[in-house]
Amino acid sequence: MESENAFKECYLENDQTTLYHAAKGLTTLQALYGTIPQICGKGECARHVANMMIRMKRELGGSNNQITPVFDTLLLLDRNVDLLTPLATQLTYEGLIDEVYGIQNSNVKLPPEKFAPKKQGESGKDLPTEPKKLLLNSAEELYAEIRDKNFNAVGTVLSKKAKIISAAFEAFFDNLTVEQEFMSGFDTDKVNPYVEDCIAKKDPLIKILRLVCLQSVCNTGLKQKVLDFYKKEILQTYGYEHILTLHNLEKAGLLKAQSGSRNNYPTIRKTLRLWMDDVNEQNPNDISYVYSGYAPLSVRLAQVLVRPGWRSIEEVLKLLPGPQFEERQSLPAGLMKKRQQGENKVMLIFFLGGVTFAEIAALRFLSQLEDGGTEYIIATTKLINGTTWIKSLMEKLEPPPF
């Protein structure tokens with residue numbers, strides 16, 4: 001939907017305009033592709049969208065259209081059910097391009113110096129000065145082949161061409177190690193020395209915020225003294241105008257003090273198998289390859305919903321924010337799809353508040369599994385990564401004009 005402030009509007013400003021547009025869009029989709037028999041969801045926003053869809057259908061006279069449904073299930077997922085995934089660095093080829101250069105509407109702008117002629121003795125006058133804009137989609141065979149691969153598996157396909165990104169990859173290797181420690185539950189309850197060093201070196205603020213928020217989410221909130229230490233360091237190093245940004249991150253649940261003495265993340269991590277030690281990046285057998293060990297929680301929820309169903313994880317679902325629900329929409333007799341042998345079910349997943357390229361890669365991987373039996377179609381308010389997401393929550397304080 002290219003609605004970049006959807007998350008901020010829903011969770012900080014309590015503005016549900018985007019949710020109305022999502023419900024309206026889904027209602028139009030059903031008018032074109034048939035009533036979706038099953039609607040499942042998790043989260044406050046998901047519940048609102050489902051309620052609005054049902055109400056809109058009623059307002060249309062409750063008339064059932066006579067189109068055989070294309071989709072079997074609609075899964076509505078709130079972004080705040082899984083705050084962890086966008087904060088981690090995406091490790092698929094396409095995800096990394098998005099992390100390093102940013103992909104906007106399937107286009108990426110690359111720095112001009114990467115396209116300078118390499119011949120000796122050439123003068124500087126021919127050097128390109130404008131960023132080079134490239135369209136990224138599967139029409140390009142090579143790109144289609146590598147876009148969803150883990151970066152470490154791409155090397156075999158195009159080792160020479162991947163040099164640019166591997167250089168950027170070297171620079172954030174330490175960063176990655178810390179992320180992986182947090183996600184596997186290692187030392188999440190104390191001040192992290194690497195984060196402390198990064199603040200002292202005045203690394204980009206967004207990098208710091210991503211790491212601190214990741215630590216907070218992986219610890220179900222930070223101990224008060226750890227949180228206070230980080231806040232003090234950030235404000236003293238980057239300026240007190242960022243106090244509003246910190247307030248926004250707290251309000252959104254990304255950065256918070258631990259309430260009660262329980263850290264629920266280990267339970268969620270173990271039950272949903274969010275961390276896999278023996279991940280195979282070259283020939284993956286599990287979705288965790290997209291983050292080299294961490295399986296996106298949102299995609300794991302979709303995977304469990306298909307088989308064996310959410311009843312098997314009821315206890316964990318209670319630990320995640322917002323209500324869970326299932327609605328059935330009745331179809332006129334004769335419109336129920338008769339499934340042919342070997343024909344896949346089709347699930348439409350709507351991420352309310354944004355989705356990352358790595359999550360999309362994980363869903364594509366599930367679609368391609370031999371015994372998967374489900375094809376996933378993905379809809380969202382906006383394609384995001386940790387940087388664009390945190391940026392949308394930052395508050396710009398301008399000095400007074402006098």
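A quick note: this is a predicted structure, and the numbers were derived from the prediction, not measured.
Asp286 and Arg300 are joined by a salt bridge, as a carboxylate oxygen and a charged side-chain nitrogen come within less than 4.0 angstrom of each other. Remark: Glu326 engages Arg328 in a salt bridge, criterion side-chain N to carboxylate O under 4.0 Å. Between Arg210 and Glu99 a salt bridge is recorded (basic side-chain N to carboxylate O distance below 4.0 Å). The pair Glu359-Arg79 counts as a salt bridge, with a side-chain nitrogen and a carboxylate oxygen less than 4.0 angstrom apart. Comment: Lys345 does not engage Glu375 in a salt bridge, judged by the lack of any side-chain N to carboxylate O separation of less than 4.0 angstrom.
By the neighbour-count criterion of 12 heavy atoms within 6.0 Å, atom OH of Tyr33 is sparsely surrounded, having that number or fewer from other residues, nucleotides or ligands. For Glu2, the CD atom sits in a packed shell: over 12 heavy atoms of surrounding residues, nucleotides or ligands are nearer than 6.0 Å.
In terms of modelled atom types and a separation under 3.5 Å, the side chain of Gln30 and the main chain of Ile36 share a donor-acceptor contact. At distances below 3.5 Å, at least one donor-acceptor pair connects side-chain atoms of Asp78 with backbone N or O atoms of Glu44. Side chain of Gln90 to main chain of Ala358: a donor-acceptor pair is present (N/O by atom type, distance under 3.5 Å, no hydrogens or angles). Judged by distance alone, the side chain of Thr245 and the main-chain N or O of Glu395 form a donor-acceptor pair under 3.5 Å. Counting only distance, with no hydrogens or angles, the side chain of Glu181 and the backbone of Thr188 share no donor-acceptor pair below 3.5 Å. The main-chain N or O of Ile384 is never found under 3.5 Å from a side-chain atom of Thr356 such that the two would form a donor-acceptor pair.
The aromatic rings of Tyr93 and Phe151 sit parallel to each other, their planes meeting at less than 30°, with 60° as the upper class boundary. Ring orientation note: the planes of Phe7 and Tyr11 are tilted relative to one another, at an angle of 30° to 60°.
For the pair Glu141 and Glu145, the minimum side-chain heavy-atom distance is 4.5 Å or more. Looking only at side-chain heavy atoms (C-beta outward), Ser312 and Val304 come within less than 4.5 Å of each other. With a 4.5 Å cut-off on side-chain heavy atoms, Glu179 and Leu176 count as touching. Within the 4.5 Å cutoff, the side chain of Asn280 has no heavy atoms near those of the Tyr289 side chain. Between Leu301 and Leu297 the shortest side-chain heavy-atom distance falls below 4.5 Å. With a 4.5 Å cut-off on side-chain heavy atoms, Leu60 and Thr27 count as touching. When side chains are defined from C-beta on, Met52 counts as touching Leu19, because their heavy atoms get closer than 4.5 Å. Within the 4.5 Å cutoff, the side chain of Ile243 has heavy atoms near those of the Leu235 side chain.
Note that OG of Ser298 is 7.5 Å distant from CD1 of Ile287, once rounded to the nearest 0.5 Å. Leu383 contributes atom CG, which lies 13.0 Å from atom CE of Met1 (distance to the nearest 0.5 angstrom).
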**OP:** Could you go through the side chain to side chain contact (heavy atoms under 4.5 Å, CB included) check for Leu84 and Tyr294 one step at a time?
**Re:** CA-CA 10 Å; Leu84 198 167; Tyr294 163 71; 3.7 Å; yes
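The side-chain tip of Arg364 does not point at the ring of Tyr376 from less than 6.0 angstrom away and within 45° of straight on.
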